[in-house]
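Reviewing the structure listed below.
None of the values given here were measured: they were computed from a predicted structure.
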Amino acid sequence: MDWYSYTHILHGFGFYALLWLIAPRGYFGDSVLNSLSDTIVTGFGFALARILPVWASILVVVGTELFLGFMIRDNLTLNILQLIHPSEVISRWQLSG
């Protein structure tokens with residue numbers, strides 16, 4: 001954090017007010033709490049990448065991708081693959097779980 005972090009709080013107030021004016025009931029995505037926690041966890045990942053050796057970061061990435069692929073049949077690799085080259089086989093496998 002630095003001195004300008006305080007103004008980022010004000011930016012959050014402004015963005016909330018703007019969204020409230022434009023679409024008071026128009027948002028149906030993630031909850032604000034979920035979006036905030038996603039941002040915090042991303043910062044945690046950034047901090048881990050700063051302190052972990054490269055090999056440990058790679059191990060975390062591979063382990064996380066395998067774990068998520070097994071548990072929920074979805075992960076970052078599959079999202080990117082399906083975005084670049086959609087596969088009906090992968091889509092069916094994801095839906096079969």
query = Out of curiosity, does L36 fall in the hydrophobic cluster containing L19 (side-chain heavy atoms, cut-off under 4.5 Å, transitive links)?
reply = no

query = Closest heavy-atom contact between A49 and S57?
reply = CA-OG, 4.2 Å

message = Testing the basics here: between Q82 and S87, what is the closest heavy-atom pair and its distance to 0.1 Å?
response = OE1-N, 2.8 Å

query = Does F44 share a hydrophobic cluster with L52, counting links as ILVMFWY side-chain heavy atoms below 4.5 Å and allowing steps through other members?
reply = yes

ask   = With side chains defined as the heavy atoms from C-beta onward, is the minimum distance between N75 and T64 less than 4.5 Å?
value = no

ask   = In Å, rounded to the nearest 0.5 Å, how long is the span from CZ of F46 to CD1 of I51?
value = 12.0 Å

request  = Check whether any side-chain N or O of D2 sits under 3.5 Å from a backbone N or O of S5 as a donor-acceptor pair, and report yes or no.
outcome  = yes

query = Quick one: CG on L83 to CG on L78, what's the gap to the nearest 0.5 Å?
reply = 12.5 Å

key: Separation of L81 CG from L76 CG (nearest 0.5 Å)   = 11.0 Å

ask   = So with a 6.0 Å cut-off around CH2 of W20, is the heavy-atom count from everything else above 12?
value = no

note = Distance col, row F67:CZ vs I72:CD1, nearest 0.5 angstrom, shows 8.5 Å

inquiry  = Distance check, rounded to the nearest 0.5 Å: T7 atom OG1 versus F13 atom CZ?
reply    = 12.0 Å

ask   = Is the NE2 atom of H8 crowded by more than 12 outside heavy atoms at less than 6.0 Å?
value = yes

message = Quick check: is Y6 connected to L10 through a chain of hydrophobic side chains (ILVMFWY, heavy atoms under 4.5 Å apart)?
response = no

